[in-house]
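Below is one structure, written out as structure tokens, with a few remarks after it.
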Amino acid sequence: MFETTVRDEVCRLSRPGTRWLSTGYGGGESVGDRAFLVSVPEGWDDVDVAAYVVRRRRDAGFDEAADPADAPLDAAPALLTGVSMRHARRARLGPVEAIVTAGVSNPAALPIAAADGSEAQAGERVDEAQHDGTVNVVLGTTRSLASGALANLVAVAAEAKAATLLDRTGFPGTTSDAVLVGCDPEGESATFSGSATPVGSAARACVRDALLAALDARYGDEEPPDTVEKAEYGVVTGERARVSRIGDDAQRD
């Protein structure tokens, strides 16, 4: 589905007239011919993310004709990561394609209570301000998805990402994961994108397989961290929320 070009640690994904929905910085809905994956250097802390992305695109030769004064207005979605683009992997199945970068130096663990009702161990919170990892998923389909189906595709991708990471690492994500989905407005229409649909089923397989390959590319013979304590950074959500029945006054603050 996507034509990809990589220069200077910037990947441009091109496809005419794509409808995009991004959970990344400056995300939301947009329509355009391209999106970007940008690898940032270690210790990156630029607070003007939009201007930074435009500068990286221009330096990589993807905006040769753009007026620098107008370039920040370009709404092309972009996802950032500390992982090199050489570790990105893609997977295709049926009407779906996924492109994934995967770094897990900043895991986000979610302890679950034990079956006997005892408290799950919260673990230790570790410098969550750093985002050198990140699992970024770009998922595209040649189908024309209804608005709800496009939004649901984000959930399908996130679920497949979480299931794969749980199996491989023991935690469902990192502190800075993002998902970008796109569809072809001129393609065959699809009202739904759940896991039992052709789009949803293919999406789950593509995300799983691209993510596994991206982890293998990034870590090689090295095992990725399987706990926050073994990682460079990360966070453990050990707090417990108050639970009650719907309509119960005890739920209201």
Side-chain angles (χ1 to χ4, degrees), residues 1-15 18 20 22-24 34-40 42 77-109 131-142 153-183 193 195 198-227 230-232 234:
M1 178 177 180
F2 299 117
E3 177 184 339
T4 59
T5 306
V6 179
R7 299 177 192 152
D8 297 334
E9 292 293 349
V10 178
C11 176
R12 180 183 64 190
L13 300 92
S14 302
R15 198 206 166 280
T18 301
W20 302 102
S22 173
T23 71
R34 55 189 180 167
F36 293 90
L37 291 169
V38 181
S39 178
V40 302
E42 184 175 355
L79 301 183
L80 285 73
T81 179
V83 178
S84 171
M85 286 300 115
R86 72 178 182 276
H87 299 311
R89 293 295 183 269
R90 71 196 304 170
R92 294 175 176 172
L93 178 63
V96 173
E97 176 178 24
I99 297 174
V100 176
T101 60
V104 291
S105 61
N106 53 326
H131 300 302
D132 293 342
T134 303
V135 176
N136 282 333
V137 176
V138 180
L139 190 63
T141 176
T142 55
L153 199 58
V154 173
V156 171
E159 180 187 76
K161 181 263 304 183
T164 304
L165 282 180
L166 279 169
D167 181 77
R168 184 71 182 273
T169 68
F171 47 81
T174 81
T175 61
S176 50
D177 294 347
V179 176
L180 170 62
V181 296
C183 72
S193 63
S195 57
V199 169
S201 179
R204 284 156 59 92
C206 286
V207 171
R208 177 197 61 204
D209 295 343
L211 175 51
L212 288 172
L215 287 169
D216 288 341
R218 167 64 180 80
Y219 292 97
D221 295 332
E222 173 190 358
E223 284 296 321
D226 56 5
T227 66
K230 293 179 182 178
E232 295 179 55

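Remember, it's a predicted structure, so these values are computed and weren't measured experimentally. FYI, the numbering just counts along the sequence from 1. All heavy atoms count here, side chains included; hydrogens, waters and symmetry mates do not.
- To the nearest 0.5 Å, atoms OG1 (Thr23) and CG (Asp177) are separated by 8.5 Å.
- Between Pro107 and Thr169 the shortest side-chain heavy-atom distance does not fall below 4.5 Å.
- By the 4.5 Å heavy-atom criterion applied to side chains, Pro172 and Leu165 are not counted as neighbours.
- Applying the salt bridge (Lys or Arg N to Asp or Glu O under 4.0 Å) rule to pairs touching residues 204-215 yields Glu159-Arg204, sequence neighbours excluded.
- Of all heavy-atom pairs between Leu215 and Ala102, the closest is CD2-CB, 3.8 Å.
- To the nearest 0.5 Å, atoms CZ (Arg15) and CE (Met1) are separated by 5.0 Å.
- The side-chain heavy atoms of Pro225 and Val104, taken from C-beta on, include a pair separated by under 4.5 Å.
- In terms of modelled atom types and a separation under 3.5 Å, the side chain of Thr141 and the main chain of Cys183 share no donor-acceptor contact.
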Practice prompt. Go through the steps to decide whether Leu211 and Val137 satisfy the test side chain to side chain contact (heavy atoms under 4.5 Å, CB included), and finish with yes or no.
Written response: CA-CA 8 Å; Leu211 175 51; Val137 176; over 6 Å; no
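- The two residues Ala231 and Ser105 have their closest heavy-atom pair at CB-O, 3.6 Å.
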Practice prompt. Begin with the C-alpha distance, continue with both residues' side-chain angles, and end with the deciding distance and a verdict on side chain to side chain contact (heavy atoms under 4.5 Å, CB included) for Val207 and Thr164.
Written response: CA-CA 9 Å; Val207 171; Thr164 304; 5.5 Å; no
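- Contacts of Ser201 classified as side-chain contact (heavy atoms from CB on, under 4.5 Å), with partners at least two apart in sequence or in another chain: none.
- Nearest heavy-atom pair across Ala217 and His87 is O-ND1, 3.0 Å.
- A donor atom on one side chain and an acceptor atom on the other are not found under 3.5 Å apart for Thr174 and Thr134.
- Taking each heavy atom of Ala98 and Ala210 in turn, the nearest pair found is O-CB, 4.1 Å.
- Ser84 contributes atom OG, which lies 3.5 Å from atom CD of Glu9 (distance to the nearest 0.5 angstrom).
- From Leu180, atom CG reaches atom CG of Leu139 across 9.0 Å, with rounding to the nearest 0.5 Å.
- With rounding to the nearest 0.5 Å, the separation of OG1 in Thr4 from CZ in Arg12 is 10.0 Å.
- With sequence neighbours excluded, the residues that form a ring-ring contact (aromatic ring centres under 6.0 Å, His included) with Phe2 are Trp20.
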Worksheet item: Given Thr5 and Ser14, is the side chain to side chain contact (heavy atoms under 4.5 Å, CB included) satisfied, shown in steps?
Response: CA-CA 8 Å; Thr5 306; Ser14 302; 5.9 Å; no
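- Residues passing the salt bridge (Lys or Arg N to Asp or Glu O under 4.0 Å) test with Asp8, sequence neighbours excluded: none.
- Every pair passing salt bridge (Lys or Arg N to Asp or Glu O under 4.0 Å) that includes a residue from residues 213-223 is listed here, sequence neighbours excluded: Arg168-Asp216.
- With rounding to the nearest 0.5 angstrom, the CG atom of Asp226 is 7.5 Å from the CZ atom of Phe171.
- Not a single salt bridge (Lys or Arg N to Asp or Glu O under 4.0 Å) links Arg89 to another residue, sequence neighbours left out.
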Practice prompt. Decide side chain to side chain contact (heavy atoms under 4.5 Å, CB included) for Thr81 and Leu37; before the verdict, give the C-alpha distance in whole Å, the side-chain angles of both, and the deciding distance to 0.1 Å.
Written response: CA-CA 8 Å; Thr81 179; Leu37 291 169; 6.0 Å; no
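- Nearest heavy-atom pair across Gly24 and Leu79 is CA-CD2, 3.8 Å.
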